[in-house]
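Take a look at the structure below.
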Amino acid sequence: MCSLFGLIDYANVFTAKEKNRIIAVLSRECEVRGTDATGIAFNTDSGLHIFKRPVAAHMLWYKIPERARVIMGHTRMTTQGSAKHNYNNHPFPGRVGGMDFALAHNGVLYNDSKLKVSEQLPVSRIQTDSYVAVQLIEKEPALGFDSIRNMAEKTKGTFCYSILDRNNNVYLVKGDNPLALYKFNGFYIYASTDTIMKNTLSKLKLTGYSKVNVETGSIIRIDSTGTIEMQTFDIEDNSFGGYYNYFPNYHEDEFIGDIMEFAGFFGIDEEDIALLLYCGFDELEIEEMLYDPIELQRCISELKCCDMMC
């Protein structure tokens with residue numbers, strides 16, 4: 001899996017140095033969900049900028065300028081499209097209705113090949129499944145709730161998307177992958193899991209936040225003034241997950257419950273643990289695997305890919 005992350009400093013609370021510090025700590029905490037590549041996107045007076053490299057977050061050197069109020073980021077664990085080719089990494093650039101935007105995706109799509117044919121999407125050298133989301137939006141007349149809803153309802157698999165446009169509007173699209181959004185006085189911070197967020201805030205010594213409830217099937221827009229607007233999309237039959245159905249009472253098993261909680265400290269979702277149980281791993285094997293979270297994430301991705309081909 002991968003991780004989304006970002007800072008929305010709508011009230012201009014932070015200096016450039018402080019913003020760089022926040023993003024550095026936040027992105028490094030996101031390494032638990034991917035170290036193959038790291039990227040960020042932000043706006044300045046000269047336009048939308050995307051900076052990404054096939055390296056772990058702690059090795060990505062960048063300078064966020066003073067005027068960048070919103071920084072959108074992604075750490076990647078490769079499932080499709082070599083990270084060595086930087087064009088396969090997130091965020092991806094797009095343009096629709098005269099508006100530049102950047103898009104990042106956490107999850108795995110299983111119908112990208114079908115969409116390329118059915119939607120007659122342009123041939124691209126980008127091999128990443130996520131890029132079809134950009135191409136679907138680019139077919140629309142404008143970037144907004146309608147175009148993002150159409151994209152989200154057409155892409156099948158596990159996903160959360162983050163989208164930043166030229167006007168500093170941030171869209172967060174919550175499929176069945178995790179997403180944590182925290183509101184502070186004058187700014188927001190988000191990441192893929194609460195564990196990543198809490199570790200980040202502890203290191204930064206940031207307090208005084210409220211958690212924004214982001215339900216599955218939600219599209220949230222946060223504009224340049226910090227105003228939130230929320231709409232929904234149809235997520236019925238939109239994923240290949242549902243492994244909880246095989247373990248509906250996992251919380252009644254104390255040991256499995258402990259494993260689920262322990263996994264959270266490594267950025268591993270409960271759904272992923274349910275997948276491992278479904279695929280025949282026992283609790284002791286999973287506990288041992290948790291001590292190597294990077295390899296565990298690769299194992300989970302491979303199992304999901306196998307599940308999609310069945």
Side-chain angles (χ1 to χ4, degrees), residues 1-6 30-39 72-81 83 88-92 94 102-116 126-137 148-163 171-181 190-196 214-220 233-244 263 267-276 293-294 296-309:
M1 303 301 289
C2 306
S3 184
L4 306 177
F5 65 88
C30 290
E31 285 189 2
V32 297
R33 294 179 63 86
T35 57
D36 292 333
T38 311
M72 182 184 89
H74 183 274
T75 61
R76 184 180 182 209
M77 187 184 72
T78 304
T79 56
Q80 183 179 327
N88 285 327
N89 298 323
H90 308 232
F92 298 105
L103 180 146
H105 166 227
N106 167 30
V108 179
L109 304 180
Y110 64 78
N111 70 330
D112 54 306
S113 296
K114 291 182 179 179
L115 285 171
K116 290 175 184 178
I126 298 174
Q127 301 162 315
T128 312
D129 55 332
S130 315
Y131 189 63
V132 297
V134 175
Q135 293 182 305
L136 288 172
I137 291 174
I148 294 172
R149 180 183 298 107
N150 288 339
M151 177 274 291
E153 291 180 348
K154 287 177 179 177
T155 53
K156 307 298 181 183
T158 59
F159 64 77
C160 279
Y161 299 104
S162 60
I163 302 167
Y171 295 87
L172 299 174
V173 185
K174 173 72 169 67
D176 53 4
N177 267 19
L179 183 67
L181 173 63
Y190 68 87
S192 283
T193 69
D194 282 306
T195 300
I196 290 172
V214 186
E215 295 186 355
T216 299
S218 297
I219 305 172
I220 287 181
F233 65 95
D234 183 6
I235 197 169
E236 184 179 359
D237 297 326
N238 209 37
S239 77
F240 57 83
Y243 304 107
Y244 284 130
I268 309 296
D269 306 324
E270 293 183 355
E271 176 78 7
D272 293 336
I273 300 301
L275 169 59
L276 293 172
I294 300 300
L296 175 55
Q297 290 282 17
R298 292 187 187 278
C299 173
I300 291 168
S301 292
E302 290 174 2
L303 290 172
K304 287 184 175 180
C305 288
C306 289
D307 183 83
M308 288 185 292
M309 291 186 290

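Keep in mind that the numbers below use all heavy atoms, side chains included, and drop hydrogens, waters and symmetry copies.
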**OP:** Before giving the answer on side chain to side chain contact (heavy atoms under 4.5 Å, CB included), spell out for L181 and L172 the whole-Å C-alpha distance, their side-chain angles and the decisive distance to 0.1 Å.
**Re:** CA-CA 9 Å; L181 173 63; L172 299 174; 4.2 Å; yes
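- Closest approach of T78 and G81 over heavy atoms only: CG2-O, 3.3 Å.
- Here the shortest heavy-atom pairing between P91 and G39 reads CD-C, 3.6 Å.
- Annotation: side chain of I219 is in contact with side chain of R149 (closest heavy-atom distance under 4.5 Å).
- Using modelled atom types and a 3.5 Å distance limit, the side chains of T158 and Y110 yield no donor-acceptor pair.
- Atom-to-atom distance recorded for H74:NE2 and C30:SG is 9.5 Å, nearest 0.5 angstrom.
- Between M151 and Y161 there is a side-chain heavy-atom pair separated by less than 4.5 Å.
- I163 has its side chain within reach of I137: a pair of non-hydrogen atoms, C-beta onward, lies under 4.5 Å apart.
- Between the side chain of R33 and the main chain of C2, a donor-acceptor pair closer than 3.5 Å is present.
- When atom types are taken as modelled, the side chain of N111 and the backbone of K154 share a donor-acceptor pair closer than 3.5 angstrom.
- Distance alone, capped at 3.5 Å, is enough to place a donor-acceptor pair between the D129 side chain and the L109 backbone.
- Of all non-hydrogen atoms in C160 and L179, the two that sit nearest each other are SG-CB, 4.1 Å.
- F159 pairs with exactly one of D176, V173, V108, N106 by the side chain to side chain contact (heavy atoms under 4.5 Å, CB included) rule, that one being V173.
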Original post:
Would Y190 and S162 satisfy side chain to side chain contact (heavy atoms under 4.5 Å, CB included), going step by step from the backbone distance to the final call?
Top reply: CA-CA 10 Å; Y190 68 87; S162 60; 3.8 Å; yes
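- Counting only N and O atoms by type, the side chains of Q80 and N88 include no donor and acceptor under 3.5 Å apart.
- Of all the heavy atoms in G94 and V134, the pair that sits closest is CA-CG1, 3.9 Å.
- By the salt bridge (charged side-chain N to carboxylate O under 4.0 Å, His left out) test, D36 is found to be paired with R298, residues two or more places apart in sequence or in another chain being considered.
- No more than 12 heavy-atom neighbours from other residues, nucleotides or ligands sit within 6.0 angstrom of CD on E215.
- Note: L103 CG to Q135 CD = 11.5 Å, rounded to the nearest 0.5 Å.
- Checking side-chain atoms of E31 against main-chain N and O of T75 turns up no donor-acceptor pair under 3.5 Å.
- Of the possible donor and acceptor atoms, one in the side chain of T193 sits under 3.5 Å from a partner among the backbone N and O of I196.
- The distance from atom SG of C299 to atom CG of L275, rounded to the nearest 0.5 Å, is 8.0 Å.
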**OP:** Please step through side chain to side chain contact (heavy atoms under 4.5 Å, CB included) for the pair I273 and L276, ending with a clear verdict.
**Re:** CA-CA 5 Å; I273 300 301; L276 293 172; 4.2 Å; yes
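- K174 and T216 form a side-chain donor-acceptor contact under 3.5 Å, judged by distance and modelled atom types alone.
- Note that CG of L4 and CG of N177 are 8.5 Å apart. Values are rounded to the nearest 0.5 Å.
- Atoms CG and CZ, on N150 and F233 in that order, are 12.0 Å from each other to the nearest 0.5 Å.
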**OP:** Go through the steps to decide whether H90 and S130 satisfy the test side chain to side chain contact (heavy atoms under 4.5 Å, CB included), and finish with yes or no.
**Re:** CA-CA 9 Å; H90 308 232; S130 315; 3.2 Å; yes
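- Between the OG1 atom in T35 and the CZ atom in R76 there is a gap of 11.5 Å [rounded to 0.5 Å].
- Counting only heavy atoms from C-beta outward, the side chains of T155 and H105 never approach each other to under 4.5 Å.
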